[in-house]
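Note sheet for the following structure.
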Amino acid sequence: MKRSISLALSTSVALGALAVPGTAFAAPAGPAAKRVGGHTTEFGHLFVDDLTADSDVTAISAVVHRSGDDTALATAVDFRLASGSPKSGDWTTKDEVRLAAAGAYSVDLVVKEADGDETTLKNAGTYDYTAKRYFAEFGVDKPHPTLDDQKVTAQGRLLQWQPVTHERTPVADVPVTIRDTTFSDWASTVTTDADGRFSHWFIAGRGPVPVHASQGGVRSATVTVTPKALPARITVDQKSFSGTYGAPLKVTGKVEYQSEDGTWKTTDYADVNVEDDEGRFNGLDTTDADGRFSVDARVPYSGTKLRVRASYGGWFANEPTVPLTVRTLATAAVEDFEIKLNAFHELTVNGRVEIEGAPLPHRTVDIHVSPNGKDGWKKLSTVSMGTWGTQFLNTVKAPPTGYYRAHYTGGPNVPAATSAVLYAGRAETRIKDYKVAPAAVKKGGSVKITGTLLHRTPSWKAYGGKNVTIYFRPKAHPKQSFHVTVVKSAANGTFTTTVKERGDGWFFALHQDADDKHLVNQEVAGLVDVK
């Protein structure tokens, strides 16, 4: 069966059929091609892209003619299968298709199938029979440069295929753009010579770089330049350091690579990092012309391991490292130290220990006392910090007056620290000549309680007009006490009161409602035996 399909006509028919409601449309069966025209690299040949058919294609012929005129100017019958299968594949002519004049020509395609069908595809494509520029012999002299010689030269020729003669002639004196980096906005321009040749050298980068040439809309094949990696090593001037946490730490040395002849050579522009064992950054530098580096780092947290690491992209086959030993001395301080002495000889102390650069070696603080705040320091007590944090708060027994400081003893990598010196003091009080009489009394009888209230300012003097509280402690229950009465001291400090017996036990006296400048007196007591 022979059939002729006009691509332009079939399209209009399809559109018309779709516009009629209820009308079924069946697309014409038979071969179809994605593109028909001149080959993009084999100039002068026709190419059929993705030709599909109902059965295997057994023969193809092409008729080249001017648009609007079916007169054949050339006929090609020597198509070969370039890729795919006879039922679905790409086809190209074995021989060149020559025409008498340059221009754009229409191509009719005649397709024969194994099932006997023969189909003519009218105006299946356009044969662009005009001059074509292209790049030939493009490449680089060193696709795998090393650090010994990073210079790479890209070269090639720009030629032009002529449509009538099919000659390939050099394109002279035109600019050619060479892209030799991964940065799309950076390129170099060279000019072709009389033979269409061009050449451009560049220094290879640290990683694979695609290199290609272009001129107008024409582009060469891409060649990838990949560095040949060589072994590398680091030599440091000093491996062991010590210093206070956060202090400057200068690490110096050199970076070398092993040349292909086995010689170790220094290299510039290598990256050198000082980092901890988890890769956290501490400092960096780039080697100079002599391969030397000087990294400004910092003394790390105590126990943190540091290393020096060098890298240079694809130029190094390895990332050499050198471990460093750093002894860190932490900083320590006792901050916000406060004290308060109450009337019962109890000193409340609080503050916090600040340590930077190391963990706490222990969680206790010593409280020291001195009579003058300069010397004679003695440990008054040891207080503990809380479970979390470094705050301490406690109450300790203290003398009437004194200068106080909090002292943290530190540890192997933590220095001792001492707070500011603070003063706390209250005037002492005491009861002199305290008497409870009679010592033996009949049941229901009375006892007389007398004494003198004194305070030291700084010598002992009468403390008049102050309350003295009388308590009773039963002999049978010595841990219990009961309030009896309150008596006020006279101007000379004396006080007198009479109370009824409370059974066998002790009557004791306290000046307990002292102001913020006085202490409660030491307890005085007198025993009463009830008969």
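The analysis underlying the following values was restricted to heavy atoms, covering all of them including side chains, and did not include hydrogens, waters or symmetry mates.
Among Thr364, Asp366, Asn394, the single residue meeting the side-chain hydrogen bond (donor to acceptor under 3.5 Å, both in side chains) criterion with Thr382 is Asp366.
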Pair His362-Thr409, side chain to side chain donor-acceptor pair (under 3.5 Å): steps then yes or no: CA-CA 9 Å; His362 58 84; Thr409 56; 2.8 Å; yes
Pair Asp285, Ser294 - check side chain to side chain donor-acceptor pair (under 3.5 Å), show working. CA-CA 6 Å; Asp285 191 24; Ser294 178; 5.4 Å; no
List the steps, then state whether salt bridge (charged side-chain N to carboxylate O under 4.0 Å, His left out) holds for Lys305 with Asp276. CA-CA 5 Å; Lys305 297 179 181 179; Asp276 65 17; over 6 Å; no
The test is side chain to side chain donor-acceptor pair (under 3.5 Å); show your working for Asp148 and Ser259 and say whether it passes. CA-CA 7 Å; Asp148 287 326; Ser259 180; 2.4 Å; yes
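Between Phe135 and Phe198, the ring planes are perpendicular. Angles over 60° get that label, and only those under 30° would be called parallel. A parallel orientation is assigned to the rings of His368 and His407, their planes being inclined by less than 30° (bins at 30° and 60°). Taking the six-membered ring where tryptophan is involved, the planes of His200 and Phe202 are essentially parallel, since the angle between them stays under 30° and well short of 60°. The aromatic rings of Phe337 and Phe392 lie tilted to each other, with the angle between the two planes from 30° to 60°.
Taking each heavy atom of Phe138 and Val211 in turn, the nearest pair found is CE2-O, 3.6 Å. For the pair Val369 and Gly402, the tightest heavy-atom approach, listed with the atom from each and the gap, is CG2-CA, 4.2 Å. Shown here for Lys254 and Thr266, the closest heavy-atom pair between the two residues is CD-CG2, 4.4 Å. Between His212 and Thr222 the shortest heavy-atom distance is CB-OG1, 3.8 Å. Taking all atoms of both residues into account, the shortest heavy-atom contact from Asn521 to Ala509 is ND2-O, 3.4 Å. Here the closest non-hydrogen pair linking Asn350 and Leu393 is CB-CD1, 3.4 Å.
Contact check for Thr494 versus Thr496: no side-chain heavy atoms found under the 4.5 Å cut-off. Using a 4.5 Å heavy-atom threshold, the side chains of Tyr312 and Val255 count as separate. Residues Trp506 and Glu523 are not in side-chain contact: their nearest non-hydrogen atoms beyond the backbone lie 4.5 Å or more apart. Here the side chains of Lys151 and Ile203 are in contact, with some heavy-atom distance below 4.5 Å. Side-chain atoms of Lys265 and Leu230, non-hydrogen and from C-beta on, never get closer than 4.5 Å to each other. The shortest distance between side-chain heavy atoms of Leu360 and Met385 falls below 4.5 Å.
Ring pair Phe508/Tyr471: centre-to-centre distance below 6.0 Å.
With hydrogens and angles ignored, the 3.5 Å screen pairs no side-chain donor or acceptor of Thr401 with any backbone N or O of Gly425. Within the 3.5 Å criterion, the main-chain N or O of Gln391 finds no donor-acceptor partner in the side chain of Arg352.
Salt-bridge check for Lys435 with Asp433: failed, with every basic side-chain N at 4.0 Å or more from each acidic carboxylate O.
Counting only N and O atoms by type, the side chains of Thr395 and Thr348 include a donor and acceptor under 3.5 Å apart.
One finds the NZ atom of Lys442 at 12.5 Å from the CD atom of Glu501 (value rounded to the nearest 0.5 Å).
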